[in-house]
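One structure below.
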Amino acid sequence: MAKTKRRNVLKLAGTAAVASMGGMAGILATGRMPAFAQQRTVHWLKWVDFVPASDALLRREMLPEAEKALGIKINLETVNGNDLQPRVTAGIQSGAGPDLIMAFNNQTYLYANSVVDLTEIAESVAKQEGGMYKYARAVCSDGKMFMGMPWAVIGGMIAYRKSWFEEVGATSFPKTWVEYRDVAKKLKAKGRPIGQTLGHTFGDAPTFTYPYLWSWGGMEVDPAGKVILNSPATIESVKFMQGFWKDGCDEGGLAWDDTNNNRAFLSQTISATLNGASIYIETLRRPEQYKTEKGAPLNTDILHSPLPAGPAGQFGMHLLQSHMLMKYSKNQDPAKEFLKWIHAEKNFEKWFVSQKGFATPCTEKWEGHKVWSDDPVMAPFKVAAKLGQAPGTRRGNVPLRASSVWKTSAGWRSLSSCRRQCCSACSLPIPSSKA
Amino acid sequence: MLLGLFIAYPFFEGVKLSLSSARVGDPGHFVGLKNFHKIWNDSIFHTTMWNTFWYTGVTTVFKLALGLWLAILLNRHFRGKALVRAFILLPFIIPTVLSTFAWKWMFDPTFSVINWTLFQLGIITTRINWLGDPDLAMTSIIVINIWRGVPFFAITLLAGLQTISPELHEAAAIDGARPWQRFWHVTWPLLMPVTLVVVLFSVIQTFADFQLVYVMTGGGPANATHLFATYAYQLGIGTGLLAEGAAISLAMFPFLFIIVVVQLLYIRRVETR
Amino acid sequence: MIEGAAWRRWVFFNIPLILFVFVLLFPFYWMIITTFRPDGELYRPWNAVNYMPFWTNNPTFEHIFYLFEETNFARWMLNTMFIALVSTLISLFCGVLAGYALARLNFPYAGGLGTAIFITYLVPQTLLFIPLAEIIRNFKLGDTPWALILTYPTFLIPFCTWLMMGYFKAIPKELEECARIDGASRWKAMIYIIIPVAVPGILSSGIIAFTLSWNEFIYALVFLSSPDQKTVPVGVTSELIRGDVFFWGPLMAGALLGSIPVAIVYSFFVEHYVSGLTGSVKG
């Protein structure tokens, strides 16, 4: 008896399976996107801009304009910057996804196999706009092709409190790391340490650690592409950092992501931090909210400076954003048309102005734009893209061969282990059982 | 059948991936166990392994103990019972990503309300660097996981408690059993099957936890809080070394498998008692 | 229930319960405060003189307005509800049947099958999502709710099955046997006797399955792309987390509004399964 009953139940389970299969067929029938017969579309995935006004400008004004001009429907999708990579990976591996995707820094090398060459667009923009910076070239092109179309550079400069630095005797910003450490020590003694983001995040942490390493003579690779991270200079830099961290920094920084240092600065618990221009822009936007302890608007007390110099020189690295046109895309032509459109000077300018200096374009022409001359405090950001270095390109003129090393796993490994070492050297000792 | 399609296929793909030299956009070729060999010699992987065991072990013990306690408390009659039962579930209902952000905000080095409270109570004199110190960061994450998991244990165990007929209790009480004895001899054995399953699920989920650590620390500071899933993610997605990422994900599998088999055997033994 | 003096009731019952409630709900209080606090007050360091963490004198609705005006929050809620509900129902249905079959029917491979179902649950999601993306593409389900409705059961069904197995095993066999003696078929016995008794179990695995799909992040992030298809966790994080810009107010408002309605729905369920159960066991 039990047997027949069991069959009943099994049959029932079977029905369930069939039902769900039927449901599936239904889904397959209805779930398909409605076919846009002639409508050409481009799916554009970028980060959520740190300047919200720019995304609003794109959505409300520029994209409708582009749609009208080009006859292309543009779907703009924005995600948190840290979530771009899973989307790229899933897209490449499954062969379907957004057509244009934003890449940070040399991620372009990582996806080189899966993107379309954009040399033509990049070179024509470069030609029209007085040439493209070396930095943008090094990051986006391996010499044979442009893996991404350089979009803009988010300049990273130290934002600091003029009056607080003056109070401890620093009338101008320290020139070298040693001087900076002295100033930091005095500042920390007054309860106003330097704040530096060193958490696992994409922006302010690497744009600090790379140039810092370079300025001590440390390098990830030599011109021949050999990984030479483990050098006396690197160790020297880590040792100094350890002292710098304890003497002059807010030790909470190891947990910070790209947002923490902004908040810390604006709530006036730190006196300086490496960041984009967003802190200053925020104080301009709401002067009534941010006031110094003396009651003056905070924006009158902020200045910007590049990172100090080390024994091997002074360096900077900035977050370069580019757009990759994916090989799997079925809309490559419309996507190219759109890229051309948005990089056309009059269109790009609108976007650039809405950034208020947060982003620096990758071509020389824009250096003369009035965005920079309007506000002297923003001036240091003008040349961010010009002076920036790309990882793997520390030895100036041999970027191409060297940067290709990042395509090897050894290169990537030592890159992450560099950050790892720097971080762990600065933190409190990790118990040996875990290290 | 669907289940097979949606799980078995990806699983085999994953295994294949872990045995290859695949990177993003490059299918690679078969390299045997090289990836496993590589991660085995990777010091961060060792940290990761240790972290995962520690994290899973500690949280499970606390979640079970506190969850059971709470379930027993909630099994009583009191005013506002339904309301309390529903609201106690809140930590579990709220999307993990968002609740973790709330905690991140509470642990924020600059704005921590916890520091404020401790300071006002005179317990500390300088701030505690919750997420910036490797050990404290791990502790913070464990606390959040327990906070999130207790309601799950409590409510599943509560449902289990309610399938136990009150008459059994009454009978035991008439026989003169003390509350503790009643719990130990009547409630606990009957609750055992549900408890084991719940523990099993919790162990698996905790072992493979991703969101919480990803949002809270991203594995930092200095990789001190990486778990299998987050480290696999960092290598596989962050640096595009898909094969190694897959290898790390799969390295989790034998451990989970052992844990599960042991628990399943135990469950079977309990059932045939 | 507790016999003896009032202090015993306090020590063994009231105080622990109050502590539990306090600790579990404190973060929510914090969310509420953050939601209604103006930005200017929000970003005051913890050791500032005028720091008042637990109260605000200038409550504001700006964060909530922002959420509804500037983002698709209402839409995300609907999406999440729909996806979570459908995938929970599918999984519960399969889970109850499979759980019952595995717990009660002694067919030869029950143990092995149970374990096999279980093992599918072990496959890490961070690994699964890449091949799954391929399947989703082949079925052309990308960017539709169905992409998630079909993938969520991959982790929900094993879960429901096992949880239900546990509950079914806890139900005394005698109950069912009585019914069978009275002439009910196994099928009928299951529907009329076992299922009603198992209602708390079904509800609680339903609650948990629902919550798991409500929570899910990676799949939702990868498989959905247009802003109006997103779920609450993905939508809120991708629209409100702008590295440099302050977002805590709307973010907390989103978290709060995303969970309170569900909590209210749950409170009805909880009420229901408590009374439903005691009735059926005694009756």
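Below, read A as the first sequence line, B as the second, and so on, with proteins coming before strands; counting in each chain starts at 1.
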Minimum heavy-atom distance between N215(C) and R148(B), given as atom pair plus value: ND2-NH1, 3.5 Å

Whether W214(C) side chain and I94(B) backbone form a donor-acceptor pair below 3.5 Å: no

L74(B) vs F20(C) side-chain heavy atoms within contact, under 4.5 Å: no

Which portion of L242(B) sits near chain C, non-hydrogen atoms under 4.5 angstrom: side chain

From M31(C) atom CE to F101(B) atom CZ, the distance as rounded to the nearest 0.5 Å: 11.5 Å

Value rounded to 0.5 Å, distance of CG in L90(B) from CG in L24(C): 9.5 Å

Taking every non-hydrogen atom, the tightest pair across I218(C) and F210(B): CD1-CE2, 3.5 Å

Top contributor to chain C contacts, counting heavy-atom pairs under 4.5 Å, from P95(B), S99(B), S18(B), A154(B): P95(B)

Heavy-atom contact with chain B under 4.5 Å, split by part of F217(C): both

Spatial distance of atom CG (L98(B)) from atom CG (L257(C)) [nearest 0.5 Å]: 11.0 Å

Spacing of W103(B) atom CH2 and F26(C) atom CZ [to the nearest 0.5 Å]: 8.5 Å

Which portion of V236(C) sits near chain B, non-hydrogen atoms under 4.5 angstrom: side chain

Atom pair CH2 (W105(B)) and CG (L251(C)), whose distance is rounded to the nearest 0.5 Å: 10.5 Å

Shortest non-hydrogen contact from W30(C) toward A102(B): CD1-O, 4.4 Å

More than 12 heavy atoms of other groups within 6.0 Å of F62(B) CZ: no

CD1-CG distance between I88(B) and L17(C), expressed to the nearest 0.5 angstrom: 6.0 Å

